[in-house]
Amino acid sequence: MNIFRFVGDMSHLASFFLLLAKLIYTKSSTGVSLKTQALYLTVFVCRYLDLLVAFVSWYNELMKIFFIAASAYIVYVVATSTRNSNASDTYRVEFLVIPALVLACFVNETHWSKGGWSLNVMEILWAFSIYLEAVAVLPQLKMLHQLEDTTNITMHYMASLGIYRAFYLLNWVYRLYYEGYWHPIAVVAGIVQTLLYADFFILYYQSVLLRLPS
Amino acid sequence: AAEGAAKDEL
């Protein structure tokens with residue numbers, strides 16, 4: 001594992017702790033998009049089905065289990081939050097889920113000549129999870145644009161997700177050059193996903209960094 | 001390498 005991948009993963013991990021800290025210490029899910037969190041849970045469950053059939057490393061296994069468990073817990077907390085004033089969580093997620101699923105059925109890494117049907121279904125779900133992750137942040141972005149007083153911690157959460165994506169891009173450049181490793185589906189979707197965060201970082205710069213006490 | 005490379009990322 002190279003340093004870019006590791007920094008990316010740690011930033012991803014930090015994003016979970018930031019969001020959990022916000023939910024637990026402020027006892028409020030205001031400004032957190034339940035739709036985005038439910039999409040992330042879907043992403044992790046679909047992608048990490050290989051937990052059952054492929055062992056890569058303890059690092060990977062534990063991170064996967066943590067991502068699934070933490071996002072399930074976050075969805076539970078946000079969904080059951082009584083003081084949930086998320087009327088602005090209005091993104092039509094079917095416009096994300098259905099195209100991602102259709103695309104995954106046609107553009108994936110299945111090899112029907114090899115492997116059984118279950119492995120190929122896993123490949124379709126893997127591609128679906130990649131496409132869905134690329135756009136899963138959109139409901140959260142829409143909320144950020146609509147809410148005036150977004151708490152800083154939600155913004156830091158988004159920033160750590162953006163850093164995670166940026167370092168994964170660097171990781172892929174490194175791996176393509178030194179290892180010949182490359183998954184075009186993941187790379188193209190990853191570039192799209194990272195570009196979506198560019199919009200967020202403009203907002204972050206304007207609303208958080210410019211307001212920081214000196 | 002490329003095609004069919006193991007998926008060892010998160």
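By convention in this document, chain letters (A, B, ...) are assigned in the order of the sequence lines, proteins followed by strands, and residues within each chain are numbered from 1.
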Assess whether atom [atom1] of [X] is packed by more than 12 heavy atoms of other residues, nucleotides or ligands within 6.0 Å.
X        : atom1 : result
A/Tyr59  : OH    : yes
A/Phe128 : CZ    : yes
A/Tyr76  : OH    : no
A/Phe55  : CZ    : yes
A/Tyr73  : OH    : no

Could you go through the side-chain contact (heavy atoms from CB on, under 4.5 Å) check for B/Lys7 and A/Arg47 one step at a time?
CA-CA 10 Å; B/Lys7 298 182 180 76; A/Arg47 189 178 306 163; over 6 Å; no
So for A/Tyr168, is it side chain, backbone, both, or neither that comes closer than 4.5 Å to the heavy atoms of chain B?
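For A/Tyr168, side-chain heavy atoms alone lie under 4.5 Å from chain B.
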Taking side chain as everything from C-beta outward and backbone as N, CA, C, O, which of these in A/Asn60 sits under 4.5 Å from a heavy atom of chain B? Side chain, backbone, both or neither.
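Both backbone and side chain.
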Separation of B/Asp8 CG from A/Arg5 CZ (nearest 0.5 Å)
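CG of B/Asp8 is found 6.0 Å from CZ of A/Arg5.
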With rounding to the nearest 0.5 angstrom, report the OH to CD distance, A/Tyr181 to B/Glu9.
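A/Tyr181 atom OH to B/Glu9 atom CD measures 4.0 Å (nearest 0.5 Å).
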Could you check B/Leu10 against A/His12 for side-chain contact (heavy atoms from CB on, under 4.5 Å), going step by step and ending with a plain yes or no?
CA-CA 10 Å; B/Leu10 302 168; A/His12 198 183; 5.8 Å; no
